[in-house]
Protein chains: 2
Amino acid sequence: MTEHSAPARRPTIKEVARLAGVSHQTVSRYLKSRQGLLPATLERIDGAVEELGYRPNLMARSMRTRRTGRLAVVMPVTTFNHARLLSGALAAGHEAGHVVEVVSVEGSTATRTERVLELAQSGQVDGVLSLTPMAAGIEHGLPEGAAVVVSPDFDDAMRSIGELTDASPVTELMERLAALGHRRFLHVAGDQDWASARARKAAYLEAVERLGLESVGVAEGDWSGESGVEAVMRLDSDRLPTAVIAANDVVASGVVRGAHERGLDVPGDLSVTGWDDNELCRFLPPSLTTVRINLEGVGRNAVLRLIKAVGGPELEPWSGPVTQVIWRESTAPPGRPSASPSAGTR
Amino acid sequence: MTEHSAPARRPTIKEVARLAGVSHQTVSRYLKSRQGLLPATLERIDGAVEELGYRPNLMARSMRTRRTGRLAVVMPVTTFNHARLLSGALAAGHEAGHVVEVVSVEGSTATRTERVLELAQSGQVDGVLSLTPMAAGIEHGLPEGAAVVVSPDFDDAMRSIGELTDASPVTELMERLAALGHRRFLHVAGDQDWASARARKAAYLEAVERLGLESVGVAEGDWSGESGVEAVMRLDSDRLPTAVIAANDVVASGVVRGAHERGLDVPGDLSVTGWDDNELCRFLPPSLTTVRINLEGVGRNAVLRLIKAVGGPELEPWSGPVTQVIWRESTAPPGRPSASPSAGTR
DNA sequence: GAAGCGAAAGTGAACGTTCACTATTCTGCC
DNA sequence: GGCAGAATAGTGAACGTTCACTTTCGCTTC
């Protein structure tokens, strides 16, 4: 579109100064605070800025000030699923007067580490919050440049951030189910490359042990609905569990479908729990008991750590609960006939 | 972490030059291509770079070259739902040698327009792809700076991008349902602030007209499952539709639930279609007929337009189908008893 | 009425690169 | 041996800001 002649130079501070009949430094002051200037001067600069359509070149500014006002959140594309986490991060950054950008990374740990370092030291951002795990000892490679806050508990397979691996709700789910009378459980796990999947599995096993329950096993899974269907189809008819803890809602819906295909009623014959509070959960027949995660809060707190690290203001972190179990129709005491579907949406 | 003394200056090209015993320009050349240098010189610079841990300051570089190699995708946070769209955009940008960043905007049209202009003219990015609609005539406000490609059909309420408003699958759905024998339809619409919702509604009405079908009405909705439930509950028993076109999968699942609550069988008494191909769709009882959208392709093409606008290489666009109807259990000829896979639901 | 002071404005040098030149060295050829 | 021409390297000026000073001016104050 643009001709190759004269790359459409934008007006600079000096041109504004000339037009306003002042020095460039005066315009700089005007830009900075509009204070300490004579009203008449102010007005003339106003006019010149308007006339030229001047806008400061942020790149030049940051070059001089060594501050960009920009933060980067690096994350693997797969985690974009957690859009609400981003949403919280963006809001917190904005509050602290920063622009938050999202940069994606792919490839091996080494590649990703390199990419993050490059970004941190490119001078293009003040800080980098990496939701991707990096080669150990990266801190030492950093010449005190942009602060990189690697969210601490992000795991090797770059899939989960600290608070997301909190699997305590599994315990809550199982204690309640046990109280309802369930004794025989099944866990359909998520992809074990993910820290959160490992955490849930561990919490399941721990709860079985501690509460003296019986586990018919842990079905390997990959977060897919199919893995849920299969796990149920493979169950031994002589030793069916009465409750299934699924790694997430998709898996849980697969479990429900598998149960139906085997002629099992949910929750009559089988109670099922999910994880994530997928929008559809409430409307499934039966509506799904699940775990809601406050992703906005998690995102906010991660960015707050970063802002603090780059010397920004200390803002109020989200301190409320991060997870919450939502009980719905898919869980009930064992052996009872299923309550009629119209027994209520919640 | 960082002490307040001496802001940790990073080594510059000149320091590398001094250490290597060459001029700064030689180092610059080294950085640019590593060509036209004596092997011995190359080696010495290599050593110096290594020793100092030097990395070029991209900000200073872009200041001189007036090129940043960075593109920004501006989008409202709500659209982060379309993570797969981003994924396509990022991949295309990478292919063309650009870094793609995601910047979010909120607020009124005026605020957003301002924000986008600021970004475009800040010198921090080469191009801006705005998925947010902006005040008309913005092009004229742009002094040929960074190219802003407003995705053309993005609507006033900043919710949809051109290809996403393609509602032709609605026609496909209805033609097939009509062929199966359906005559009386209901549409549960999405929030009419969204262009895509308006497009689907319009396509529904057009199809009713053209195919000579009967419509029991268009239920206003807001993309929520509740709106689906309510739409069904409010239906006149004397004049029930046999097919429901829901604005998306969540609404559709609400419709299914509402139908069950009224004792209607899906698809026996009522065929239901959704939109989006939500992961859970396949596992619902009954699995949901829906429309899959190739968001990656849409994102890729949008970024390709931008890259072309900023004078980048012309890459292969995604030219395959953008939408695809997926037929599943929730649709069947009217009046037939449900082909119950297990009869398990009731 | 001159010294003192504060407000307002100006001057020139940085920031870390690359660009456009110019200078030097090497090579091969007559 | 001298010279053209390429290959290699160096010099200084940009890029658009802000920082650290300096200057100018007008007003008190004694």
Side-chain angles (χ1 to χ4, degrees), chain A residues 4 6-45 48-49 52-69 118 121-124 126 143 145-146, chain B residues 6-45 48-49 52-70 118 121-124 126 143 145-146:
Chain A
H4 212 278
R9 270 202 350 94
R10 290 161 40 200
T12 73
I13 206 176
K14 294 201 176 175
E15 294 170 55
V16 173
R18 191 172 336 125
L19 185 60
V22 298
S23 76
H24 68 278
Q25 174 56 20
T26 301
V27 178
S28 177
R29 268 190 282 265
Y30 163 94
L31 256 27
K32 192 174 185 186
S33 67
R34 296 179 67 99
Q35 271 163 16
L37 298 186
L38 245 36
T41 313
L42 213 61
E43 214 166 293
R44 270 185 314 178
I45 303 185
V49 165
L52 295 174
Y54 169 82
R55 274 170 198 272
N57 181 325
L58 297 188
M59 198 135 257
R61 176 180 293 171
S62 1
M63 167 139 179
R64 184 72 245 242
T65 59
R66 295 157 169 283
R67 283 240 141 212
T68 61
E118 226 174 87
Q121 304 183 349
S122 71
Q124 299 198 105
D126 288 340
Chain B
R9 267 201 353 93
R10 291 161 39 201
T12 75
I13 205 178
K14 296 202 175 174
E15 293 170 55
V16 173
R18 191 173 334 125
L19 186 58
V22 299
S23 77
H24 68 278
Q25 174 55 19
T26 301
V27 178
S28 177
R29 267 190 283 267
Y30 163 94
L31 257 28
K32 194 175 186 186
S33 68
R34 296 180 67 99
Q35 270 163 17
L37 297 186
L38 244 35
T41 313
L42 213 61
E43 213 165 294
R44 268 186 314 180
I45 303 185
V49 165
L52 294 175
Y54 169 82
R55 276 170 197 272
N57 181 324
L58 297 188
M59 198 135 256
R61 175 179 293 170
S62 4
M63 169 138 179
R64 183 73 243 244
T65 61
R66 296 159 169 281
R67 284 238 141 215
T68 60
R70 299 165 55 200
E118 226 175 86
Q121 304 184 350
S122 70
Q124 299 198 104
D126 289 339

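Reckoned from all heavy atoms, side chains included, excluding hydrogens, waters and symmetry mates.
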A:Thr65: partners by side chain to side chain donor-acceptor pair (under 3.5 Å), with sequence neighbours left out
none
Does OP1 or OP2 of D:dA9 have a side-chain N or O of B:Thr26 closer than 4.0 Å?
no
Can you see if the side chain of A:Thr12 gets near the phosphate of D:dC15 - specifically, an N or O under 4.0 Å from OP1 or OP2?
no
Separation of D:dC15 C1' from A:Glu15 CD (nearest whole Å):
13 Å
Angle, rounded to 10°, between the helical axes spanning five pairs at each terminus of the helix from C:dG1-D:dC30 to C:dC30-D:dG1?
50°
Would you mind reading off the distance between A:Glu43 atom CD and C:dA8 atom P, rounded to a whole angstrom?
16 Å
Starting at CZ of A:Arg34 and ending at P of C:dA8, how long is that distance when rounded to a whole Å?
15 Å
Applying side chain to side chain donor-acceptor pair (under 3.5 Å) as the test, list every pair that has at least one member in residues 30-39 of chain A; sequence neighbours left out.
A:Tyr30-A:Arg34, A:Tyr30-A:Asp46, A:Arg34-A:Asp46
Tell me whether the OP1 or OP2 atom of D:dT17 has a side-chain N or O from A:Tyr30 closer than 4.0 Å.
no
Just how far, in rounded Å, is C1' of D:dG16 from CZ of B:Arg66?
9 Å
For B:Ala48 and B:Ala20, work out which heavy atoms get closest and say how close.
CB-CB, 3.9 Å
A:Arg18: which residues meet the salt bridge (charged side-chain N to carboxylate O under 4.0 Å, His left out) condition with it, sequence neighbours left out?
none
For the pair made of CG in B:Leu38 and P in D:dA6, what is the distance, rounded to whole Å?
18 Å
Heavy atoms only: give me the nearest B:Met63-A:Ala60 pair and the separation to one decimal.
SD-CA, 3.6 Å
Quick one: side chains of residues 37-45 of chain B, donor-acceptor pairs under 3.5 Å with protein atoms, not counting sequence neighbours, listed by atom name and distance.
none

Worked verdict on A:Val22 versus A:Val27 for side chain to side chain contact (heavy atoms under 4.5 Å, CB included):
CA-CA 7 Å; A:Val22 298; A:Val27 178; 3.8 Å; yes
Evaluate the side chain to side chain contact (heavy atoms under 4.5 Å, CB included) criterion for residues B:Leu19 and B:Tyr54: first the C-alpha distance (whole Å), next the side-chain angles of each, then the deciding distance (0.1 Å), finally the verdict.
CA-CA 12 Å; B:Leu19 186 58; B:Tyr54 169 82; over 6 Å; no
What string of B, S and - do you get for nucleotides 18-23 of chain C, 5' to 3', when a contact is any protein heavy atom under 4.0 Å?
BBB---
Interatomic distance, OG@B:Ser62 vs CG@B:Asn57, rounded to 0.5 Å, equals 8.0 Å
Closest to the side chain of B:Ser23, out of C:dA9, C:dG16, D:dT11, is D:dT11
Could you pick out which residue, B:Pro39 or B:Met63, lies toward the 5' side of DNA chain D when each is mapped onto its nearest nucleotide?
B:Pro39
Can you check the B:Leu58 CG to D:dC15 P distance for me, whole Å?
21 Å
